[in-house]
Amino acid sequence: MIDKKLLATQLANLITLTEKKIAGYEEMSAPVTPDDAIGRVSRMDAINNKAVQEAALATARRKLDRLRTMQSNLDDPKLGLCKRCGRPIPAGRLLAMPESPFCVRCSR
Ligand SMILES: [Zn+2]
């Protein structure tokens, strides 16, 4: 049986953390202006970093979406069951990765 209170707390924590991460990424992925007093090479670096930031930002946003879905499904009787095979997801995994609706086997 899953400890729903614990899961709710964990979800709230992860949501706050992910929101902070997203805010940070958004700040860092501000447009690179050509007028910046940086050389060509570091400008290339800035552009490369921007692509990495944007990918990280997209991942973080997806994760946040899933966490929020899970949070709104806390009262679902199927909570903690794998969305694919219907078997219970071990509490440890559920708490470590509440954004994943699949058991270890199905998420592979
Ligand atoms: Zn499964």
Side-chain angles (χ1 to χ4, degrees):
M1 215 31 215
I2 326 138
D3 187 340
K4 262 191 208 173
K5 240 186 184 168
L6 194 63
L7 184 60
T9 310
Q10 176 73 350
L11 276 170
N13 284 343
L14 282 172
I15 285 170
T16 311
L17 209 80
T18 311
E19 278 171 346
K20 271 188 197 152
K21 241 189 203 174
I22 289 173
Y25 288 142
E26 276 170 349
E27 216 169 279
M28 283 188 282
S29 65
V32 180
T33 58
D35 301 334
D36 279 349
I38 47 176
R40 206 173 91 87
V41 173
S42 42
R43 209 167 89 73
M44 288 302 288
D45 269 356
I47 290 166
N48 283 338
N49 285 341
K50 191 166 160 3
V52 173
Q53 299 293 344
E54 278 169 358
L57 180 61
T59 306
R61 280 191 176 137
R62 260 200 308 274
K63 182 172 172 176
L64 185 62
D65 265 3
R66 286 186 193 159
L67 288 169
R68 286 198 170 131
T69 306
M70 197 59 133
Q71 196 178 40
S72 60
N73 288 341
L74 271 176
D75 290 323
D76 188 333
K78 283 189 178 155
L79 180 82
L81 298 181
C82 173
K83 281 242 158 70
R84 198 164 294 159
C85 68
R87 285 188 198 148
I89 302 171
R93 173 177 169 82
L94 205 59
L95 286 173
M97 304 180 60
E99 73 274 17
S100 169
F102 304 116
C103 70
V104 181
R105 204 186 308 180
C106 293
S107 64
R108 249 190 242 139

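Indexing begins at 1, ligand by ligand and atom by atom, following the structure's order.
- A distance of 11.5 Å separates CD in Q10 from CG in D3, rounded to the nearest 0.5 Å.
- In this structure, CZ on R87 lies 4.5 Å from CZ on R105, to the nearest 0.5 angstrom.
- Atom CG of L57 sits about 10.5 Å away from atom CZ of R62, to the nearest 0.5 Å.
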Check against side chain to side chain contact (heavy atoms under 4.5 Å, CB included), R61 and E26: CA-CA 11 Å; R61 280 191 176 137; E26 276 170 349; 2.5 Å; yes
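- Protein N/O/S atoms nearer than 2.8 Å to the Zn ion (ligand 1) total 4.
- Rounding to the nearest 0.5 Å gives a distance of 10.5 Å between CG of L64 and CD of E99.
- No donor-acceptor distance shorter than 3.5 angstrom exists from the side chain of R84 to the backbone of S107, with no hydrogens or angles considered.
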